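Reading through the structure tokens given below for one structure.
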Amino acid sequence: MSRSTDATAETATEPASGRRERRYDPATIEPRWQRIWEEREVFRTPQDLTELRRKPKYYVLDMFPYPSGSGLHVGHAEGYTATDVVARFKRMTGFHVLHPFGWDAFGLPAERAAVREGIHPAVITQRNVDNFRRQTKRLGFSYDWRREINTSSPDYYRWTQWIFLRLFERDLAYLAEVPVNWCPALGTVLANEEVKDGVYVETGDPVERRKMRQWMLRITAYAERLLQDLELVDWPESVKEMQRNWIGRSEGAEIDFEIDGHDGLSFTVFTTRPDTLFGATYCVLAPEHPLVERITTPDRREAVRAYVAAAEQKSDMARTDLAKEKTGVATGACARHPVTGARLPIWIADYVLMSYGTGAIMAVPGQDQRDWDFAKAYGLPIVRTVQPPADFDGEAYLGDGPAINSDFLDGLSIAEAKAKMIAWLEAHGKGRAKVQYKLRDWLFSRQRYWGEPFPIVHLEDGTVVALPEEELPVELPPVDEFRPTDDGRPPLARAGDDWLIVELPDGRRGVRETNTMPQWAGSCWYYLRYVDAHNEERPWDPELEAYWLPVDLYVGGVEHAVLHLLYARFWHKVLYDCGLVASKEPFQRLFNQGMILATSYQDASGKYYRRDELEERDGKLYPPGGGEPVTVQLEKMAKSKLNGVDPMWVIERYGADALRLYELFMGPLEQTKPWQMEGLEGLYRFLCRVWRLVVDDKSGEPSPRLIDQPEGCEPELCRTLHRTIKKVKEDTEALRFNTAISQMMVFVNQATASATLPRSIVLTFLRVLAPYAPHIAEELHRRLGGEGLLACARWPDHDEALCAEETITVVVQVNGKLRDRLEVPPGTGKEELERLALASETARRFIGGKTPKRVIVVPDRLVNVVV
RNA sequence: GCCGGAGUGGCGGAACGGUAGACGCAGAAGACUUAAAAUCUUCCGCCGAAAGGCGUGUGGGUUCGAAUCCCACCUCCGGCACCA
């Protein structure tokens, strides 16, 4: 027995309930047990290392939510239920479990609500957190609430700032002039993921590109390790692949091109195909390339300036969208081919992006379709340098083949030619092998109020310095409004001089940074703070980190597949390099829960209706005013689609246990699946059947079928019990909750049909049920006179011998078709099975007197007679 | 276009290469009830009176045996998308 079981054993003697409900009534029993768990602090994880080291650890983590005003939805509840079942199960099987919860509480919605309502975002956030917490608690999760964190609390963001200083010290944080998504209506920059089709996704306000001086984090310095270390983690292959694509590693070469007539002036291109250098017939610079202005010849100046100006106006989206047709203009300048010395015209075109590689390319139309299209459009020459196969009828040829028209490379395959060309370039100082990544540095500042202030001061002489650690936290100052200033400076610029003006300990004076950090900052390290949530000296105790990390199971939506998970991995690796964490990767196993869909009803004009507004006539649904029947479809739950399901509404009707079971019974956790209210009723009925195993619902007294005999007096039920213990254990470990629940249903169906119910069998079953439906399990356990709390109980052992079948059905097939079944004891020998099969009346009819060619016998499975 | 993932009853879904459809929902019949609800029992892939035949998106293949492995294709979902 675990220590905590002893500590709570006395609860068994206390009356849990004033009166005894007859019928299953989750509304009374659930709050009662939640109160008991909370009062006895049964889910409090020890903090003392000596005690912790007595048991193995298991860290099971949910992606913490942004506490939005609309509250918890059934999608949250699915993931949280899954981790809760795992947490409760792991506790029962002898682990110290870390299962914490908290709030990703900085963010734009609270700030926008603050502007709208004229209330401080902290107040709005607190209101939402309180609501979210109350709802979350009502589901009966076994979180250690003492470790609750809130990223917007100064106790927390003090350490977010502290980690930023570590990044700054290591030159991983820097200021740079970069193009950003500026939304004039909101007066702030937006993250890339908040902008689609040139507008802010929430409000539809247009977004423009603007250059601003911004904080950047040098995540590109970690590109290779972020890529390589994906090998170390147990994540869905799809998520790893998305991260690999995002990092976008490609091998190739940089090649230097001198500009004809500009002594010493050159530019560098990146190419993955240095083998095709002899096929380069022109070069292209991105319109923003710094050399454009200098090299453009006077006769081309006007056209080039017009093109550059037009490109600047276009959003990224417009640039890629309109780019079916390639456009560009010649600069009039020419580059020198690094091998042949030939003059190659230099063009500018917006199909070349300044943000990737060097912002310049050598164009090889023979082997690149984009270059082919451009060359065709502007009448530029095309030279093939890889021999296409005889039957090739395409344009640019991307396949392998012998090099042609390529001087010293002729006849070589692509791979050989690449190696040889790189060697030549390096030998002649005209280029070098190069690994390029798509990943870009992370734009880390926002012109917002509701985020972490930077612990940074701009001195009068223009230098940028970090605040000393003792000055942390830099708290958010009070401001009169949460909008940017009229001249476009961030909201923090509204703070008074007593906040803005800083005198450093050495007497130097400066102005505070007025940008704030993006919402991702707090979520980059919250999983570390949980191990030591109240440490005021340090962000966490390294020994606690070494004990608990990495997270053993991390569950959340796939929408964070790239950004959050990449950013957090990046910070973790920096912390590793600083010697602050002992683990290379933060999240050992990642699991994405699937989206939950719901039926939505939409009329021809696109208007959505709630189901209860519609009238049903001859199998069709009509809108309230009549007219055409509505379209019925399955869509992601959304407020705008009026198809959301409120978990609190479900709990009022069916209870948290039924909701928990339904969330997991719907189907595999990772799968997208539709919500069906009827299915939920099935789970409620299941719990009613469980209730009636113990309670006679006419009298409220214990069921008369309960007996105090040993479990062996109902041998069949006893076998099913042991099979259930085993299967639920295996399925829970593998996160196959739906099949675990179905096995519990099999048990309950059989128990319902049983004439007598040995009390010990029911008590054992309740321990199996407890991680899934903890409230009803505790209540019935108590009513049966069970000791202690199930929340602290040990998982029952199953008896392997009892799990085996007494007789096994062995199938008889003739030519692979099922013809008969044999009931035999397990382990019946091959010869015996073959004899029985060939003796089978039905099988003989199909064998038809022929001599079997072959007989395949799989013991305990089947006999296949081939004739 | 490229990269992932998935297609099984009326529905959600089960099935170490070995009895396809566990479990649940919906449906049908019956019991209990004055009646209804609740509960309980039985039935429930398709064709067929039965014997049996046909069935896991489509077409091939491997195998004694394929929902499961291989090839090609179709459809749906997700991600990326001029990344040189």
Side-chain angles (χ1 to χ4, degrees), chain A residues 23 236-246 248-250 252 269-273 276 284 286 316 319-324 326 349-353 355-364 367-371 373-374 436-440 558-559 561-562 592 594-595 597 636 661-662 665-668 670-683 685-686 688-689 692 697-698 736 738-746 748-749 752-753 809-821 842 845-846 852-858 860-867:
Chain A
R23 303 199 46 191
E237 197 46 45
S238 60
V239 175
K240 287 191 186 186
E241 198 56 28
M242 278 157 82
Q243 294 218 343
R244 286 189 199 108
N245 291 340
W246 192 264
R249 182 183 201 273
S250 47
V269 305
F270 172 73
T271 177
T272 55
R273 295 292 303 276
T276 63
V284 185
D316 271 358
R319 238 166 106 154
T320 48
D321 231 31
L322 300 172
K324 304 280 177 217
K326 301 251 180 304
D350 64 6
Y351 82 93
V352 173
L353 309 174
S355 52
Y356 181 74
T358 59
I361 62 157
M362 64 178 202
V364 187
Q367 276 81 228
D368 185 295
Q369 189 61 42
R370 294 158 300 182
D371 297 343
D373 294 342
F374 192 79
Q436 187 70 45
Y437 302 91
K438 277 200 294 193
L439 184 70
R440 309 188 194 155
V558 73
E559 63 272 20
V562 178
N592 295 123
M595 213 171 26
L597 306 177
K636 184 175 178 172
L661 286 176
Y662 180 65
F665 187 69
M666 272 189 288
E670 69 275 19
Q671 199 163 301
T672 299
K673 38 204 178 281
W675 184 275
Q676 293 174 320
M677 225 53 216
E678 302 81 9
L680 193 124
E681 286 182 38
L683 275 299
R685 284 200 286 264
F686 165 69
C688 291
R689 281 203 299 281
R692 288 195 302 268
D697 61 350
K698 298 206 172 55
R736 290 189 303 248
N738 56 329
T739 49
I741 293 168
S742 88
Q743 180 61 37
M744 291 191 265
M745 289 172 169
V746 169
V748 171
N749 289 346
T752 300
T809 309
V810 169
V811 173
V812 181
Q813 295 181 337
V814 178
N815 287 338
K817 286 192 188 285
L818 173 70
R819 295 305 180 191
D820 201 3
R821 294 179 164 90
T842 338
R845 213 149 32 89
F846 286 89
K853 266 193 241 166
R854 203 174 150 188
V855 181
I856 290 115
V857 183
V858 182
D860 294 350
R861 279 288 175 188
L862 58 71
V863 180
N864 188 9
V865 183
V866 187
V867 294

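Predicted model, so just to flag it, every value in this text is computed and none were measured. Each chain gets a letter, A, B and so on, in the order the sequences are listed, and its residues count up from 1.
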Rounding to an integer number of angstrom, what distance separates [N] and [M] when you compare their [atom1] atoms?
{"N": "B:A14", "M": "B:C3", "atom1": "C1'", "result": "30 Å"}
{"N": "B:C64", "M": "B:G13", "atom1": "P", "result": "35 Å"}
{"N": "B:G9", "M": "B:A22", "atom1": "P", "result": "13 Å"}
{"N": "B:U63", "M": "B:C11", "atom1": "P", "result": "36 Å"}
{"N": "B:A6", "M": "B:A51", "atom1": "P", "result": "39 Å"}

Subject >> B:G10: pairing nucleotide in any strand, Watson-Crick or G-U under 3.5 angstrom >> reply: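 Looking at the geometry, B:G10 pairs with B:C25.
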
Original post:
Applying a 3.5 Å limit to both distances, which nucleotide forms a Watson-Crick or G-U wobble pair with B:G4?
Top reply: B:C77

Subject >> Sub-4.5 Å side-chain heavy-atom contact between A:E241 and A:V239 >> reply: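 No, side chains not in contact.
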
Determine the contact category for [X]: base if any of its heavy atoms lies under 4.0 Å from a base atom, sugar-phosphate if only primed atoms, P, OP1 or OP2 are that close, otherwise nothing.
{"X": "A:V746", "answer": "sugar-phosphate"}
{"X": "A:R736", "answer": "nothing"}
{"X": "A:K817", "answer": "sugar-phosphate"}
{"X": "A:D371", "answer": "nothing"}

Original post:
Does a sphere of radius 6.0 Å around CZ in A:R23 hold more than 12 heavy atoms from other residues, nucleotides or ligands, not counting ones at 6.0 Å or beyond?
Top reply: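 It does not: A:R23 CZ has 12 such atoms or fewer within range.
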
Original post:
Choosing from B:G24, B:A84, B:G53, which nucleotide comes nearest the side chain of A:R819?
Top reply: B:G53

Original post:
Relative to the 5' end of RNA chain B, which residue comes earlier, A:L683 or A:T672, by the nucleotide with the nearest heavy atom?
Top reply: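 Counting from the 5' end, the first nearest nucleotide belongs to A:T672.
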
Original post:
Between A:N738 and A:R23, who's closer to the 5' end of RNA chain B by nearest nucleotide?
Top reply: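 Counting from the 5' end, the first nearest nucleotide belongs to A:N738.
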
Original post:
So A:Y351 and A:F374, would you call those rings parallel, tilted or perpendicular, with 30° and 60° as cut-offs?
Top reply: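 Because their plane-to-plane angle lies in the 30° to 60° range, the rings of A:Y351 and A:F374 count as tilted.
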
Original post:
When syn is taken as a glycosidic angle within 90 degrees of 0, is B:G9 syn or anti?
Top reply: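 With its glycosidic angle within 90° of zero, B:G9 counts as syn.
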
